[in-house]
Q: 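Provided herewith is a single structure, encoded as structure tokens, for subsequent inquiry.
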Amino acid sequence: MAYLMKSFACIAVMVFTVCSITYPANGQLSSTFYDKSCPTALSVVKAAVKQAVANEKRMGASLLRLHFHDCFVNGCDGSVLLDDSSTITGEKTANPNANSARGFNVIDTIKSNVEKACSGVVSCADILAIAARDSVVELGGPSWTVMLGRRDSTTASKSGANSNIPPPTSSLSNLISLFQAQGLSAKEMVALSGGHTIGQAQCKNFRAHIYNDTNIDTTYSTSLRSKCPSTTGSGDSNLSPLDYVTPTVFGKNYYSDLKSQKGLLHSDQELFNGGSTDSQVTTYASNQNTFFSDFAAAMIKMGNIKPLTGTSGQIRKNCRKPN
């Protein structure tokens with residue numbers, strides 16, 4: 001996908017500043033999109049995210065994941081939020097999302113609060129993008145300038161969710177291919193995978209890795225087996241943190257875990273398994289500033305995947321259904 005270079009943006013990342021190129025799709029997304037039409041939009045979203053993460057730190061990871069799963073299916077258009085109806089088969093029941101994607105109630109609350117501030121102005125797709133950034137910041141990660149002006153889809157694609165979102169069984173080559181299909185490089189894939197420094201995964205998604213794979217620390221796999229029985233259907237939804245060291249702090253320990261062969265998912269450990277991305281994992285494990293700056297730049301680029309702009313799509317009144 002071609003991106004039109006519009007401007008250089010300086011991203012404030014914790015205590016340092018990184019300058020990177022942003023690529024507003026079609027030149028229509030803008031960091032100031034709501035400055036006049038809804039000047040309190042970003043502060044309203046931030047307040048709601050802050051409260052949600054204070055109530056449950058895991059929610060920060062859930063909101064970040066919603067944005068990722070949204071953007072990888074026909075672009076960042078809020079389609080992941082649509083419920084099934086007589087005319088729409090949503091993405092919530094797709095394999096990557098079923099009994100897994102969460103945070104929809106938080107998005108409902110944010111949308112309601114934003115609608116009170118300025119009705120019919122701010123899209124659900126933009127709320128997802130802002131909430132993802134604010135969630136990362138709340139858990140100690142970097143900040144970045146969110147480009148805005150996305151509009152909401154009126155349709156969803158369950159098949160797209162099943163085929164485009166990388167499964168936890170992915171090989172390195174599969175991960176690279178799936179990200180490249182979205183216009184994201186292998187380097188950006190490794191940086192974005194660092195989102196797994198927060199959040200948890202279900203036993204069914206790492207069972208094969210801890211019982212069948214050999215590239216896993218034996219003490220670590222033994223500890224995980226106590227929470228995740230080998231029999232399919234037994235303890236499938238039991239949770240373990242993706243980063244066992246600091247599961248609710250956004251930082252570089254995810255990459256240190258990988259170097260110690262303590263990646264929770266098969267797809268995680270693939271990033272450090274004698275392949276082309278080993279050196280990047282090593283860099284991030286020793287330099288959190290580099291990870292933060294690369295993650296922030298990659299999030300901006302991911303947020304610019306095929307947005308609906310101008311008169312395309314709509315501004316949903318309710319994020320769960322088209323108007």
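As the structure is a computational prediction, the values presented were derived from the model and not from experiment. Below, each value reflects all heavy atoms present in this structure, side chains not excepted, and no hydrogens, waters or symmetry copies.
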Q: Evaluate the salt bridge (charged side-chain N to carboxylate O under 4.0 Å, His left out) criterion for residues Lys50 and Glu138: first the C-alpha distance (whole Å), next the side-chain angles of each, then the deciding distance (0.1 Å), finally the verdict.
A: CA-CA 7 Å; Lys50 188 179 186 69; Glu138 282 300 309; 3.7 Å; yes
Q: Are Leu82 and Leu308 connected into the same hydrophobic cluster when the rule is that any two of I, L, V, M, F, W, Y join if their side-chain heavy atoms are below 4.5 Å apart?
A: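 In one cluster with Leu308: Leu82, no.
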Q: If you measure from the Lys or Arg side-chain nitrogens to the Asp or Glu carboxylate oxygens, is any gap between Asp236 and Arg207 under 4.0 Å?
A: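 Here Asp236 pairs with Arg207 in a salt bridge, since their nearest N and O are under 4.0 Å apart.
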Q: Could you pull out all residues at least two apart from Ser153 that satisfy side-chain hydrogen bond (donor to acceptor under 3.5 Å, both in side chains)?
A: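 Partners of Ser153 by the side-chain hydrogen bond (donor to acceptor under 3.5 Å, both in side chains) criterion, ordered by chain and then number, come out as Arg316.
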Q: Do Val49 and Leu42 belong together in a cluster built from hydrophobic side chains that touch within less than 4.5 Å?
A: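 Linked, Val49 and Leu42 end up in one cluster.
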Q: For Cys228, which of Asn238, Asn205, Leu239, Ile210 qualifies under side-chain contact (heavy atoms from CB on, under 4.5 Å)?
A: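 Only one of Asn238, Asn205, Leu239, Ile210 forms a side-chain contact (heavy atoms from CB on, under 4.5 Å) with Cys228, namely Ile210.
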Q: Apply side chain to side chain contact (heavy atoms under 4.5 Å, CB included) to Val80 and Leu128, showing your working.
A: CA-CA 10 Å; Val80 71; Leu128 283 175; 4.0 Å; yes
Q: Do Tyr34 and Ile300 sit in the same hydrophobic cluster, where Ile, Leu, Val, Met, Phe, Trp and Tyr count as joined when their side-chain heavy atoms come under 4.5 Å apart?
A: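 Yes, Tyr34 connects to Ile300 through the hydrophobic network.
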Q: How far apart are the closest heavy atoms of Met302 and Leu192, and which atoms are they?
A: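 Smallest interatomic distance, heavy atoms only, reads SD-CD1, 4.3 Å.
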Q: Who pairs with Ser119 by side-chain hydrogen bond (donor to acceptor under 3.5 Å, both in side chains), at least two apart in sequence or on another chain?
A: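 If we apply the side-chain hydrogen bond (donor to acceptor under 3.5 Å, both in side chains) test to Ser119, skipping adjacent residues, the hits are Glu115.
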Q: With heavy-atom distances below 4.5 Å as the criterion, would you say the side chains of Pro307 and Leu29 are in contact?
A: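 Yes, side chains in contact.
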Q: After noting the C-alpha distance and the side-chain angles of Tyr220 and Ile216, does the key distance pass the side chain to side chain contact (heavy atoms under 4.5 Å, CB included) rule?
A: CA-CA 7 Å; Tyr220 179 57; Ile216 183 170; 3.9 Å; yes
Q: Test Ser173 against every option in Ser170, Ser177, Ser171 by the side-chain hydrogen bond (donor to acceptor under 3.5 Å, both in side chains) rule and name the one that passes.
A: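 Only one option passes, and that is Ser171.
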Q: Do Ile88 and Thr155 come close enough that some side-chain heavy atom pair is under 4.5 Å?
A: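 No, side chains not in contact.
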Q: Using the rule side-chain contact (heavy atoms from CB on, under 4.5 Å), only one of Glu270, His209, His196 pairs with Leu265; which is it?
A: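 Looking at Glu270, His209, His196, the match for Leu265 under the side-chain contact (heavy atoms from CB on, under 4.5 Å) is His196.
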Q: At what distance, to the nearest 0.5 angstrom, does NZ of Lys227 lie from OG of Ser223?
A: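 Atom-to-atom, Lys227:NZ and Ser223:OG are 6.5 Å apart.
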Q: If we only count heavy atoms from C-beta on, is the His69 to Glu91 side-chain gap below 4.5 Å?
A: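 When only atoms from C-beta onward are counted, Glu91 and His69 do not touch, as no gap falls below 4.5 Å.
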Q: Would you check, one step at a time, whether the test side chain to side chain contact (heavy atoms under 4.5 Å, CB included) holds for Leu81 with Cys124?
A: CA-CA 8 Å; Leu81 302 174; Cys124 301; 3.7 Å; yes
Q: Given the rule that I, L, V, M, F, W and Y join up when any side-chain heavy atoms are under 4.5 Å apart, are Val121 and Ile127 in one cluster?
A: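 Linked within one cluster.
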Q: Got a donor-acceptor contact below 3.5 angstrom from the Thr197 side chain to the Gly251 backbone?
A: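 Yes, because the side chain of Thr197 sits within donor-acceptor range (under 3.5 Å) of the backbone of Gly251.
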Q: So do Val249 and Leu139 actually touch side chain to side chain, heavy atoms under 4.5 Å?
A: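 No, their side chains stay 4.5 Å or more apart.
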Q: Could you tell me which residues satisfy side-chain hydrogen bond (donor to acceptor under 3.5 Å, both in side chains) with Gln51, sequence neighbours excluded, listed by chain and number?
A: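 Checked Gln51 against side-chain hydrogen bond (donor to acceptor under 3.5 Å, both in side chains); matches are Asn55.
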Q: Which heavy atom in Thr282 sits nearest to a heavy atom in Lys259, and how many Å separate them?
A: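 Here Thr282 and Lys259 meet closest at CG2-NZ, 3.6 Å.
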Q: Is the closest side-chain donor-acceptor distance between Asn253 and Asp243 under 3.5 Å?
A: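 Their side chains do not contain a donor-acceptor pair, so the 3.5 Å distance test is not met.
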Q: Determine, stepwise, if the pair Leu258 / Lys262 fulfils side chain to side chain contact (heavy atoms under 4.5 Å, CB included).
A: CA-CA 5 Å; Leu258 300 185; Lys262 294 177 181 178; over 6 Å; no
Q: Can you pull the salt bridge (Lys or Arg N to Asp or Glu O under 4.0 Å) pairs that have at least one residue in residues 145-155, sequence neighbours excluded?
A: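 Salt bridge (Lys or Arg N to Asp or Glu O under 4.0 Å) check on residues 145-155 returns Asp126-Arg150.
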Q: Can you confirm whether Cys76 sits close enough to His67 that some side-chain heavy atom of one is under 4.5 Å from a side-chain heavy atom of the other?
A: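 Yes - at least one pair of side-chain heavy atoms lies under 4.5 Å apart.
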Q: Is it the case that the side chains of Thr32 and Asp35 hold a donor-acceptor pair, with the cut-off being a distance below 3.5 Å and no angle test?
A: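 Not at all, the side chains of Asp35 and Thr32 share no donor-acceptor pair under 3.5 Å.
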Q: How about Leu63 and Asp134: do any of their side-chain heavy atoms sit closer than 4.5 Å?
A: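 Contact flag for Leu63/Asp134 side chains = no.
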Q: Can you confirm whether Leu172 sits close enough to Met189 that some side-chain heavy atom of one is under 4.5 Å from a side-chain heavy atom of the other?
A: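 In short, these two side chains touch, coming nearer than 4.5 Å.
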Q: Any side-chain heavy atom of Lys301 sitting closer than 4.5 Å to one from Leu184?
A: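 Yes, close enough: below the 4.5 Å cut-off.
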Q: Per the ring-ring contact (aromatic ring centres under 6.0 Å, His included) rule, what does the pair list look like for residues 258-290, sequence neighbours excluded?
A: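 Listed once each, the pairs are Tyr255-Tyr284, Tyr284-Phe291.
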Q: Assess, by modelled atom type and distance only, whether the side chains of Asp268 and Tyr254 contain a donor and an acceptor separated by less than 3.5 Å.
A: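 A donor-acceptor contact under 3.5 Å links the two side chains.
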Q: Does a side-chain N-to-carboxylate-O contact under 4.0 Å join Asp83 and Lys92?
A: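 Counted as a salt bridge, because a side-chain N and a carboxylate O are separated by less than 4.0 Å.
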Q: In chain order, what residues pass the side-chain hydrogen bond (donor to acceptor under 3.5 Å, both in side chains) check against Ser62, with sequence neighbours excluded?
A: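 Ser62: side-chain hydrogen bond (donor to acceptor under 3.5 Å, both in side chains) contacts with Arg102.
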Q: Kindly work out whether a path of hydrophobic side-chain contacts (I/L/V/M/F/W/Y, heavy atoms less than 4.5 Å apart) joins Phe68 to Phe104.
A: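 The answer is yes; both residues are in one hydrophobic cluster.
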Q: Is a side-chain donor-acceptor pair under 3.5 Å present for Glu188 with Ser185?
A: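 Yes, Glu188 and Ser185 have a side-chain donor paired with an acceptor closer than 3.5 Å.
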